[in-house]
Amino acid sequence: MKFIDIKGAKEHNLKNISLKIPRDQLVVLTGVSGSGKSSLAFDTIYAEGQRRYMESLSSYARMFLGQSQKPNVESIDGLSPAISIDQKTTNRNPRSTVGTVTEIYDYLRLLYARIGIPHCPKCGKVVESQSVDQIVDAILTLPPKTKFQILAPIVRKEKGQHKKIIDHIKKEGFVRIIVDGEPLEVTDEINLEKNKKHTIDVVVDRLIAKDNLGKRLSDSVEMALKLSGGLVICDVIGKEQKLFSEKLACADCGIAMDTLEPRTFSFNNPFGMCPDCHGLGFHQQVDPDLLIPDKSLSIPGGAIKFFGLKSDSKYYFNMIKSLAEKHQFSMDEPIENASPEFLKALLYGSDEVVEIAYEGKFSGTYSSTFEGLIKNMERRYIETTSERMRSLIERYMSETPCPTCHGKRLNPTSLAVTIHGKNIIEITDMSVVHLLAFFKNQEMTAREIMIGESIFKEIDARLNFLKDVGLEYLTLSRNAGTLSGGESQRIRLATQIGSGLVGVLYVLDEPSIGLHQRDNRKLLETLRRLTNLGNTLIVVEHDEETMQEADYIVDIGPGPGVHGGEVVAQGTLEEIMAVPESITGQYFSGKRAIPIPAIRRAGNGEQIKIIGARENNLKNIDVAFPLGKFICVTGVSGSGKSTLINEILYKEISKKLYRSLKKPGKCTGIEGVETIDKVIDIDQSPIGRTPRSNPATYTGVFDLIRDLFTKTPEAKARGYQKGRFSFNVKGGRCEKCSGDGIMKIEMHFLPDVYVPCEVCEGKRYNRETLEVKYKGKNIADVLDMTVEEALEFFANIPKIKDKLQTLYDVGLSYVRLGQPSPQLSGGEAQRIKLATELSKRNTGKTLYILDEPTTGLHIADVHQLIIVLQRLVDSGSTVVVIEHQLDVVKVADYIIDLGPEGGDGGGTVVVTGTPEEVANAPESYTGQYLKKILAKR
């Protein structure tokens, strides 16, 4: 049997481990959080495989490729070229969609370009080609004495200097050309920028509309058509240009189209995109609902969230007062009572002249028209050079569908091309499963089959790959930035299957994340297909079903951080369970278990109820959340869980409690918000965007530590204040590296090297600051401690100990206090946020919301997390968790199961109640799996 032979791996916390991993098999790496799984899989095996492949390329090619540093390992033999498929979400570019990421949209564009039927965007009739006579007749309808010229478009928005084309025009005897809208003569010195897109039109003839023009005009049109390959432009000087095509044109409306090409259907290309929104499908505009979030208030009472309305002395306030008087509206009334005319004038401006009484530096009465609050903000947004002002206005902006294309991204001409009655955007708006059925059920003509057979085959294969990894509910038009980490990972996995590569090493990071148990089998079959092709799969995973399917398991541990980094057990799941030292084996063998509560909580009798939820795929549902309980929201992927909780529940409560400007998802209303005093959303977004953010700064424990250092005798003697011990401000930090501790050295065709600052040696502080010590440790030593070490070090300082204890309780004992935010996983960031909330005073009326908090957690860590969450509920608060992990679902007091399917097939409440009640509901997929778990009690 072939092996990947690893010797002396010492990356991060790995303790010089050596092991053999079988090739061409499905191998699972497991172990508690922080044990070293990712260090072995990604930072050692994948990094070395990637590095060796890069070294095989030329030095010139390596200049343009990011490279991995050589990992800290003695040797790795038997390594193949490696591909990493991790949890990082796909492109956040608003132009990136599921269709573009999977390349299915590229095939659809080709399909529509080859067999699509063009229609007139105005009258809807099928577009036909125009003859020379039809073109001439259309031009002859111009009014007499109209000056116009016949142009031959030979270059249309193409990069290059186009010297050969210009030389050819000169040889053909033409004198004038129009380059990027500028009239030039061919004898002029023309130097075009190579990397910019240019348009070049040849002036074939210049004419004045009159009788007896037919012969000359006909000759000119024929010459232009020949020169351009079928296109001619009639340029009415000083007015408009009209394009005619020898190939496609509507005889009734006179609308001509270019020859259909794949770029015609690209919303990222000027030839296909909507000219208004430039292919985005939306505009970023000031939203009236964000500007006036509570219409029950009066204007003086704060109804309008505009930064110019703060007191009666303000200019805008007095202007609005005058406008209200003109419309006979009392400023003391709720703004919801205002007339539509007044609201329109208030937001979008009016030509009415209002008298403004103003008291201030320039007191007096002024006459002026009112610009409108929204118009004013949008003008200032465009004109301002202040980032602060721009970000302030952005708080009141939201995405609104483009009024021209109605969110469809393409121009009217591209949208008028159909295949079996549907344009390309209508096709991409279908879910994967519906699109498969659409193509299967259409009766194709012999011509369509002959031209499109190979294209249909590619599209069908890729759609089936998405279906096989449990993503059949996604639409191809879905913005890639809205995908979860698990969804984006499975999309890339489906793309890799489609590539058909053999002999590749794939390294995956928990592909089962966000996947309901029902869909897990599909994923495993997909992974098995990759190994059957002759590839090696190394999967970092905690899922029991994945481990049962695996050919080989490596259990890293036994504990996190310094307590891990060793191979505890390896072999099949049965062999892992036979090793007493393996925590993984103990849980799967039943020696350790997460207990099922004997009694489910009754709650406090109060509830929050969402009425008429209809955002995305939610089907106008009413959902009640009983308070004082541990609530679990479940359902298959795409059933509507995140929409219900994150987009509606959290944002509606935030709007009512904090007057948040985040726009909630569509619903009729929400009841019972007054029964809670706080809502906290603990998500997996980073705790900070830069390395300056770390667990110590986020939790606030660093402030307490700095206070402690200022009280040391040395600090008092030197007069050091709290700021002296911050690496973010001048004074105590090292100025050579500005408190970063590291310096970046650019290496051109080698990867950039980050080296410790030569002045502070990576400690971030200057020499004088580091001379101040507490119990023999300076501030840099403290930041380098793990939570576990710091807990012991500060055992006698209650305030610091309490905050560190919460980090320890959520399973982060191995994390360093100063560990930079970008080095933390989403699950670790979420638990740091949870620990921060745990350290605050609990009022007993708090609603906590968590979205899949078990991401990246070993079952032992899940056990610890459940204990922490149960502690929150025991204090009187309510915890709402979106989760698939059955160990979390089984301990909940109340379950809301959405579905029954994903996408269009979801969005309804399948069943609610205790786990036992859900388990007895045959229509619930969650209940079917839960029944097996509860039977083990």
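For the single chain, residues carry numbers from 1 onward in sequence order.
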### Thr878 (side chain) donor-acceptor with Gly628 (main chain) under 3.5 angstrom
yes

### Side chain to side chain, Val633 and Val623, heavy atoms closer than 4.5 Å
no

### Query
Can you name the closest pair of heavy atoms from Pro560 and Ser33 and give their distance?
CB-O, 3.1 Å

### Query
Is it true that Asp551 and Arg528 have a side-chain N and a carboxylate O under 4.0 angstrom from each other?
yes

### Task
With side-chain contact (heavy atoms from CB on, under 4.5 Å) as the test, would you mind laying out the steps for Val562 and Asn13 before giving the verdict?
CA-CA 6 Å; Val562 295; Asn13 68 328; over 6 Å; no

#### Entry: Validation row: Ile682, Gln830 side chains within 4.5 angstrom (heavy atoms)
yes

### Side-chain donor-acceptor pair present, Tyr814, Glu828, cut-off under 3.5 Å
yes

### Query
Going by atom types only, do Thr634 and Asp897 share a side-chain donor-acceptor pair under 3.5 Å?
yes

### Test item: side-chain donor near acceptor, His858 and Tyr587, under 3.5 Å
no

### Task
Determine yes or no for a side-chain-to-main-chain donor-acceptor pair under 3.5 angstrom, with Lys890 supplying the side chain and Pro595 the backbone.
no

### Query
Can you find a side-chain donor-acceptor pair between Gln885 and His542 that sits under 3.5 Å?
no

### Task
Would you give the length of the straight line joining atom CD of Glu566 to atom OG of Ser35, rounded to the nearest 0.5 angstrom?
11.0 Å

### Query
Any donor and acceptor pair, going by atom type alone, linking the side chain of Tyr658 with main-chain N or O of Val679 inside 3.5 Å?
yes

### Query
Is a side-chain donor or acceptor of Arg490 paired with a backbone partner of Ile513 at a separation under 3.5 angstrom?
yes

### Task
Would you check if there is a donor-acceptor pair between the side chains of Asp809 and Gln805 at a distance under 3.5 Å?
yes

### Query
Any salt bridge between Lys656 and Glu674, counting N to O under 4.0 Å?
no

### Task
Check for a donor-acceptor pair, side chain of Glu917 on one end and backbone N or O of Thr914 on the other, with a separation under 3.5 Å.
yes

### Query
Under the 3.5 angstrom rule, does the side chain of Glu837 hit a backbone N or O of Leu834 as a donor-acceptor pair?
no

#### Entry: Side chain to side chain, Pro664 and Ile648, heavy atoms closer than 4.5 Å
no

### Query
When rounded to the nearest 0.5 angstrom, what distance separates CD in Glu549 from CG in Leu26?
6.5 Å

### Message
Is a donor from one side chain sitting under 3.5 angstrom from an acceptor on the other, for Glu901 and Tyr925?
### Response
yes

### Query
Do other residues, nucleotides or ligands put more than 12 heavy atoms under 6.0 Å from Lys467 NZ?
no

### Query
Are the side chain of Glu541 and the backbone of Thr30 linked by a donor-acceptor contact shorter than 3.5 Å?
no

### Message
Once rounded to the nearest 0.5 Å, what's the spacing between atom CD of Glu652 and atom OG of Ser660?
### Response
10.5 Å

### Query
Just by modelled atom types, is the Asp468 backbone N or O under 3.5 Å from a matching donor or acceptor in the Thr526 side chain?
yes

### Query
Is there a donor in the side chain of Thr475 and an acceptor in the side chain of Asp429, or the other way round, less than 3.5 Å apart?
no

### Message
Which residue is it: His884, Arg518, His516, Gln517? I am looking for the one with a side-chain hydrogen bond (donor to acceptor under 3.5 Å, both in side chains) to Thr926.
### Response
His516

#### Entry: Val891 and Ile596: CA distance, side-chain angles, deciding distance, side-chain contact (heavy atoms from CB on, under 4.5 Å) verdict
CA-CA 5 Å; Val891 302; Ile596 299 171; 5.6 Å; no

### Task
For the residue pair Glu487 and Arg478, establish whether any side-chain heavy-atom pair is separated by less than 4.5 Å.
yes

#### Entry: Heavy-atom side-chain contact between Leu463 and Phe465 under 4.5 Å
no

### Message
Looking only at the side chains, is there a donor atom on one of Asp543 and Ser512 sitting less than 3.5 Å from an acceptor on the other?
### Response
no

### Task
Calculate, to the nearest 0.5 Å, the distance between atoms CD1 and CD1 belonging to Ile645 and Ile610 respectively.
6.0 Å

### Query
Lys678 versus Ser877: any side-chain heavy-atom pair under 4.5 Å?
no

### Message
For the backbone of Asp904 and the side chain of Lys619, can you confirm whether one donor and one acceptor N or O come within less than 3.5 Å of each other?
### Response
yes

### Query
How many angstroms lie between atom CD1 of Ile670 and atom CD1 of Ile608, to the nearest 0.5 angstrom?
6.0 Å

#### Entry: Pair Arg529 + Glu525: basic N to acidic O under 4.0 Å
no

### Query
If every non-hydrogen atom of Thr699 is compared with every non-hydrogen atom of Ile832, which pair is closest and at what distance?
CG2-CG2, 4.0 Å

### Task
Tell me, yes or no, whether the heavy-atom count around Lys522 atom NZ, taken from other residues, nucleotides or ligands under 6.0 Å, exceeds 12.
yes

### Query
Hey, mind stepping through Phe625 and Leu847 against side-chain contact (heavy atoms from CB on, under 4.5 Å) and telling me if it holds?
CA-CA 10 Å; Phe625 298 84; Leu847 175 64; over 6 Å; no

#### Entry: salt_bridge(Asp893, Arg601) N-O dist < 4.0 Å
yes

### Query
With a 4.5 Å limit on heavy-atom distance, are the side chains of Val432 and Leu436 in contact?
yes

### Message
I'd like to know whether Arg592 forms a side-chain contact (heavy atoms from CB on, under 4.5 Å) with His863, so could you lay out the CA-CA distance, the side-chain angles of the two residues, the decisive distance to 0.1 Å, and finally the verdict.
### Response
CA-CA 10 Å; Arg592 289 195 193 187; His863 195 166; over 6 Å; no

### Message
Using a 3.5 Å distance criterion without hydrogens, assess whether the side chain of Asp861 forms a donor-acceptor pair with backbone atoms of Val32.
### Response
no

### Task
Grab the two heavy atoms, one from Gln548 and one from Leu573, that are nearest each other, plus how far apart they are.
CG-CD2, 3.5 Å

### Task
Provide the closest heavy-atom pair for Ala892 versus Cys632 in the form atom of the first, atom of the second, distance.
CB-CB, 3.8 Å

### Query
Between atom OH of Tyr552 and atom CG of Leu29, what is the distance when rounded to the nearest 0.5 Å?
10.5 Å

### Query
Would you call Lys833-Asp683 a salt bridge at under 4.0 Å N-O?
yes

### Message
Could you report the tightest heavy-atom contact between Ile687 and Leu824, atom names first, then the distance?
### Response
CD1-CD1, 3.7 Å

### Query
Is a salt bridge present between Lys845 and Glu606, judged by a nitrogen-to-oxygen distance below 4.0 Å?
no

### Message
Within the structure provided, determine whether Glu615 and Cys667 are in side-chain contact (heavy-atom separation under 4.5 Å).
### Response
no

### Task
For Tyr808, look at atom OH and say whether over 12 heavy atoms of other residues, nucleotides or ligands are found less than 6.0 Å away.
no

## Note on the structure
On a heavy-atom basis, the closest approach of Glu510 and Leu857 is OE2-N, 4.4 Å

